[in-house]
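Both backbone and side-chain heavy atoms feed into the values below; hydrogens, waters and symmetry mates do not. Just follow the structure's listing: the first ligand is 1, and inside any ligand the first atom is 1.
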Amino acid sequence: MDAFTYQNGQLHAEGAPLAGIAAQFGTPCYVYSRASIEQQFRAWSAALAGQAHLLCFAVKANSNLAVLGLLAKLGAGFDIVSGGELARVLAAGGNPHKVVFSGVGKSVQEMQQALLAGVHCFNIESSAELLRLQQVASRLGIKAKVSFRVNPDVDAKTHPYIATGLKDNKFGIDIESAEALYQQAAELSHIELRGIDCHIGSQLTELAPFLHALSHLLDLQERLAASGIAIKHLNLGGGLGVRYRDETPPSPAEYVNAVRQMLKGRDLTLIFEPGRSVVANAGVLLTKVEHLKHSAHKNFAIVDAAMNDLIRPALYQAWMAIEPVSPRAGEKRCYDLVGPVCETGDFIGKQRELALAEGDLLAVRSAGAYGFSMSSNYNSRPRAAEVLVDGSKCHLVRRRETVDELFAGESLLPDEGG
Ligand code: LLP
């Protein structure tokens, strides 16, 4: 399902014209489709029907409270990587018992917060982290449920910045040393071993690397069982890719079916941590053309969204589709679409054939994941508004930041007197 379609020559989000949203809430503005988010989450749940499972939405992909709230109502759990994300999940009505806590650098304070909230599992990435968790948990008198994130040394065949399952990456525990760590953990008074975890990268468009990693996990599970350590769950992380341009990633059903085939006969709960595949194509970034700059050599369209609003093109050279909200007749030219930030890397798209005039609205597609959640205030730019569309209703789910808010926490040095 594509929630963003042209109706009478105007791009809509579900039943709401994007031009109306821009007029009401201004630009730049993120627009999400409720139906699209729900449909993607349901596709994952349906694929897992009849199999013990927990679907933990990766909060980092889109952490807006309204989005988290929708998913919580559908029964989602959440994959968090900070105390801040845990606080968001709780504020959105998420169930802490369905939360898994990932990340290589959990602080004492974050461990404490998560233990008190009663999270389902800590995904542990080093022996130092394990010992810290044992200490914090014993101080609180709570048993911490743990899985180890293993690094299966599998090439995810994705952008190097988002590949995480290779030996060279900072993530996980070398699968060869994992057994010893499980043995060590089994001796600790406030650690309860629950699972094996891995996440080999993001925007994977083929099944093979996932299944390769899974085969390593299953081998480890067997070795552990043989040495008396019973594992209850396998967490395969996130990573399922989406179509930005012409990629043909497997659907959640294709992926899950292949996993279920390999699991046959084993009594294991499956955990997944999908982020992008749930929300990427459920969102657009709406932006307005400020100026056109034509020269013999190059054409620039300077738009009001910049790398601080959407960093994926600048950071990963990510290609994201850009569509006019009200396509105009006239000659198309080849444009680089750039933002107002003072960096050459500040672009949203390059070499796009478009017929444009000042004031035109554009929709950057597939911006529902790692869009707003990676935005910043660079160049002292207030962060964009976020709108969630439900049919023809538009809900402002995060108002545009104000300039005052930008430096509300700052102060001048005291007067030196004299
Ligand atoms: N679980 C763990 C432990 C992760 O590190 C990630 C993403 C996920 C789950 C969710 O992965 P997903 O299903 O969304 O692929 N900012 C980058 C993507 C970074 C992904 C980081 N980890 C981008 O915009 O492409």
By side chain to side chain contact (heavy atoms under 4.5 Å, CB included), Tyr182 pairs with (sequence neighbours left out) Phe148, Ala178, Leu193, Ile196, Leu220, Leu224, Ile229, Ile231
Apply the test salt bridge (Lys or Arg N to Asp or Glu O under 4.0 Å) to residues Lys288 and Asp360: give CA-CA distance (whole Å), side-chain angles for both, the deciding distance (0.1 Å), then the verdict. CA-CA 6 Å; Lys288 187 179 75 191; Asp360 279 5; over 6 Å; no
Pairs of nitrogen or oxygen atoms closer than 3.5 Å, one from Gly201 and one from ligand 1: do any exist? no
Backbone, side chain, both or neither: what part of Ala58 comes under 4.0 angstrom of ligand 1, heavy atoms only? side chain
Consider every N or O of Tyr370 and every N or O of ligand 1, then say whether any pair is closer than 3.5 Å. yes
Enumerated ligand 1 atoms positioned under 4.0 Å from heavy atoms of Arg149: 3 (C)
Do any heavy atoms of Ala61 fall under 4.0 Å from ligand 1? no
Heavy-atom contacts with Pro274 under 4.0 Å: which atoms of ligand 1 show up? List them by number with element. 13 (O)
Begin from the C-alpha positions of Glu110 and Arg132 and carry the test salt bridge (Lys or Arg N to Asp or Glu O under 4.0 Å) through to its verdict. CA-CA 11 Å; Glu110 286 174 324; Arg132 175 181 285 183; over 6 Å; no
Numbering as shown, the atoms of ligand 1 that approach Gly275 to under 4.0 Å (heavy-atom distance): 12 (P), 13 (O), 14 (O)
If the threshold is 4.0 Å, N to carboxylate O, is there a salt bridge linking Arg365 and Glu323? yes
By salt bridge (charged side-chain N to carboxylate O under 4.0 Å, His left out), which residues pair with Glu358, not counting sequence neighbours? none
Using distance alone, decide if ligand 1 has a nitrogen or oxygen within less than 3.5 Å of any nitrogen or oxygen in Tyr316. yes
One finds that the ligand 1 atoms under 4.0 Å from a non-hydrogen atom of Met374 are 16 (N)
Is the shortest distance from a Lys or Arg side-chain nitrogen in Glu192 or Arg194 to a carboxylate oxygen in the other one below 4.0 Å? yes
Minimum non-hydrogen distance to atom 22 (N) of ligand 1, winning option of Arg312, Glu125, Lys60: Lys60
Arg34 versus Val389: any side-chain heavy-atom pair under 4.5 Å? no
Asp79, portion touching ligand 1 at heavy-atom distance under 4.0 Å: side chain
Within the structure, does Gly239 bring an N/O atom to less than 3.5 angstrom of an N/O atom in ligand 1? yes
Are any non-hydrogen side-chain atoms of Arg149 and Ile124 less than 4.5 angstrom apart? no
Considering only heavy atoms, which of Gln203, Glu273, Arg276 lies nearest to atom 2 (C) of ligand 1? Glu273
So that I know where these two stand, are Phe210 and Tyr255 an aromatic pair - ring centroids less than 6.0 Å apart? yes
